Amino acid sequence: LGAASQIIGRDSFSDYPPEAVSITDIGSTWETLNLEQLVALQPDLVLAAGIQSPEQVKAMEEAGLTVFLVPNPVTLEDLYTNLEVVGRLCGREAEATALIESLKARVAAVDAKIAVVNQKPKVFYELDASQDPAKPWTAGPGSFHDALIARAGGINIAAGLDSAWAQMSLEQIVAADPDIILLGDAKWGTTPESVAQRPGWSGLRAVKEGRVIPFDDDTISRPGPRLVDALENLAKILHPEIFK
């Protein structure tokens, strides 16, 4: 939105773009925010994310801060609404309108290309296999991962699970035999080579055909404008033939 100069504080995980790292860090939304430091910054507005606890939001309000809770979007349309609202709050309405129109045009371009697709590859999206490589965490129904894989012309093999975040057993993965495995945990060191070395994984179609692919999970797990980057990248990975 062009409002970088208006940002005086960030939580520990808000590290994009790289310039954001130089902004004052007031702590983790998962653990403890430095409320005293936040108050000292004297912000006119605090944007609270959907992942923040009600207790954290209440503590900020009780400290006299003006807090606006930005709900976690579940669709791209929700994302556009959030951008519109934040643009209004920051005095950047024209920039928000331009950004939203640009994002919509990019999504429409993907939709148009995917509309002609006849075959949809089966996809397994790995979030975390550090606890148990035979039962990695994945993204199921209700997640942006699931929605964007479908919109990019793929079939999420975890779409039938009971929750948005769940573990999927090796037996289930073998039965689905995905065409493509996306490594959302690549930033933590998981590689296509390490996946191939897991017991029972070498027989999977995606492994045999060399279609185990690292993916930047930040673009899809953090519900901001980069969701459209994620959609474009997914579409290119799933259907390289139409994005030459």
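Please read all numbers here as calculations on a predicted model, not as lab measurements.
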Can you list the steps and then say if Arg106 with Leu103 is a side-chain contact (heavy atoms from CB on, under 4.5 Å)?
CA-CA 5 Å; Arg106 289 167 58 192; Leu103 295 175; 3.8 Å; yes

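- Judged by distance alone, the side chain of Arg10 and the main-chain N or O of Ala20 form a donor-acceptor pair under 3.5 Å.
- Of all heavy-atom pairs spanning Pro178 and Val123, the tightest one is CB-C, 4.3 Å.
- No donor-acceptor distance shorter than 3.5 angstrom exists from the side chain of Arg151 to the backbone of Asp111, with no hydrogens or angles considered.
- Connection of Trp165 to Ile181 is not established within any shared hydrophobic cluster, with ILVMFWY side chains joined at heavy-atom distances below 4.5 Å, either directly or through further cluster members.
- For Asp78, the side chain to side chain donor-acceptor pair (under 3.5 Å) partners two or more places apart in sequence, or in a different chain, are Thr75.
- Taking CD1 of Ile26 as the reference point, atom OG of Ser12 lies at 7.0 Å (rounded to 0.5 Å).
- Judged by distance alone, the side chain of Ser202 and the main-chain N or O of Arg198 form no donor-acceptor pair under 3.5 Å.
- A salt bridge does not link Glu232 to Lys236: none of the charged side-chain nitrogens sits closer than 4.0 Å to a carboxylate oxygen.
- One finds the CD1 atom of Ile8 at 10.0 Å from the CD1 atom of Ile23 (value rounded to the nearest 0.5 Å).
- Counting non-hydrogen atoms of neighbouring residues, nucleotides and ligands closer than 6.0 angstrom, the CD atom of Gln42 reaches no more than 12 such neighbours.
- Put simply, the side chain of Gln167 gets close to the backbone of Lys135: a donor and an acceptor are under 3.5 Å apart.
- Residue-environment remark: CD (Gln119) stays at or below the threshold of 12 foreign heavy atoms within 6.0 Å.
- Counting heavy-atom neighbours within 6.0 Å of Lys122 NZ, excluding the residue itself, gives a total above 12.
- With 3.5 Å as the limit, one finds no donor-acceptor pair spanning the side chains of Ser194 and Gln197.
- Across every non-hydrogen atom of Pro73 and Leu79, the tightest pair is CB-N, 3.7 Å.
- A donor-acceptor distance shorter than 3.5 angstrom exists from the side chain of Thr97 to the backbone of Glu93, with no hydrogens or angles considered.
- Put simply, the side chain of Gln37 never gets that close to the backbone of Asn34: no donor and acceptor are under 3.5 Å apart.
- Across Ala96 and Gly87, no two heavy atoms sit closer than the pair CB-CA, 4.0 Å.
- Between Glu95 and Arg88, none of the side-chain N atoms (NZ, or NE/NH1/NH2) sits under 4.0 Å from a carboxylate O, so this pair counts as no salt bridge.
- Under the 4.5 Å side-chain heavy-atom criterion for ILVMFWY residues, no single connected hydrophobic cluster contains both Trp137 and Leu170.
- Heavy atoms only, all atoms of each residue included: Asp185 and Ala129 are closest at OD2-N, 3.5 Å.
- The distance from atom CG of Asn156 to atom OG of Ser143, rounded to the nearest 0.5 Å, is 6.5 Å.
- Atom CD1 of Ile180 and atom CG of Leu204 lie 13.5 Å apart (nearest 0.5 Å).
- Criterion: ILVMFWY side-chain heavy atoms under 4.5 Å apart, direct or through other members. Under it, Ile157 and Ile155 are not part of a common hydrophobic cluster.
- Rounding to the nearest 0.5 Å gives a distance of 6.0 Å between CG of Leu182 and CD1 of Ile149.
- No donor-acceptor distance shorter than 3.5 angstrom exists from the side chain of His239 to the backbone of Ile114, with no hydrogens or angles considered.
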Exercise answer: donor-acceptor pairs, residues 205-228 side-chain atoms, under 3.5 Å, sequence neighbours excluded:
| unit_1 | atom_1 | unit_2 | atom_2 | d |
| --- | --- | --- | --- | --- |
| Arg205 | NE | Asp179 | OD1 | 3.4 |
| Asp216 | OD1 | Asp218 | N | 3.1 |
| Asp217 | OD1 | Tyr125 | OH | 2.6 |
| Asp217 | OD1 | His145 | NE2 | 3.0 |
| Asp217 | OD1 | Ser221 | OG | 3.2 |
| Asp217 | OD2 | Ser221 | OG | 2.5 |
| Asp218 | OD1 | Lys187 | NZ | 3.3 |
| Asp218 | OD2 | Lys187 | NZ | 3.2 |
| Thr219 | OG1 | Asp216 | O | 2.7 |
| Ser221 | OG | His145 | NE2 | 3.4 |
| Ser221 | OG | Asp217 | O | 3.4 |
| Arg222 | NH1 | Phe13 | O | 2.7 |
| Arg222 | NH1 | Asp15 | OD1 | 2.7 |
| Arg222 | NH2 | Phe13 | O | 3.4 |

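- Linking Ile, Leu, Val, Met, Phe, Trp and Tyr whenever their side-chain heavy atoms come within less than 4.5 Å leaves Val74 and Phe144 in two separate clusters.
- With hydrogens and angles disregarded, a donor-acceptor distance shorter than 3.5 Å links the side chain of Gln6 to the backbone of Cys90.
- In this structure, CD in Glu126 is found 8.0 Å from OG1 in Thr138, a value given to the nearest 0.5 Å.
- Under a hydrophobic-cluster definition in which Ile, Leu, Val, Met, Phe, Trp and Tyr are linked whenever side-chain heavy atoms come within less than 4.5 Å, directly or via other members, Leu76 and Leu83 are assigned to the same cluster.
- Scanning all heavy atoms of the two residues, the minimum distance from Leu127 to Ala139 falls at CD1-N, 3.8 Å.
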Please set out all donor-acceptor pairs under 3.5 angstrom arising from side-chain atoms of residues 51-72, sequence neighbours excluded.
| unit_1 | atom_1 | unit_2 | atom_2 | d |
| --- | --- | --- | --- | --- |
| Gln52 | OE1 | Ala49 | N | 3.0 |
| Ser53 | OG | Gln56 | N | 3.1 |
| Gln56 | NE2 | Thr29 | O | 3.3 |

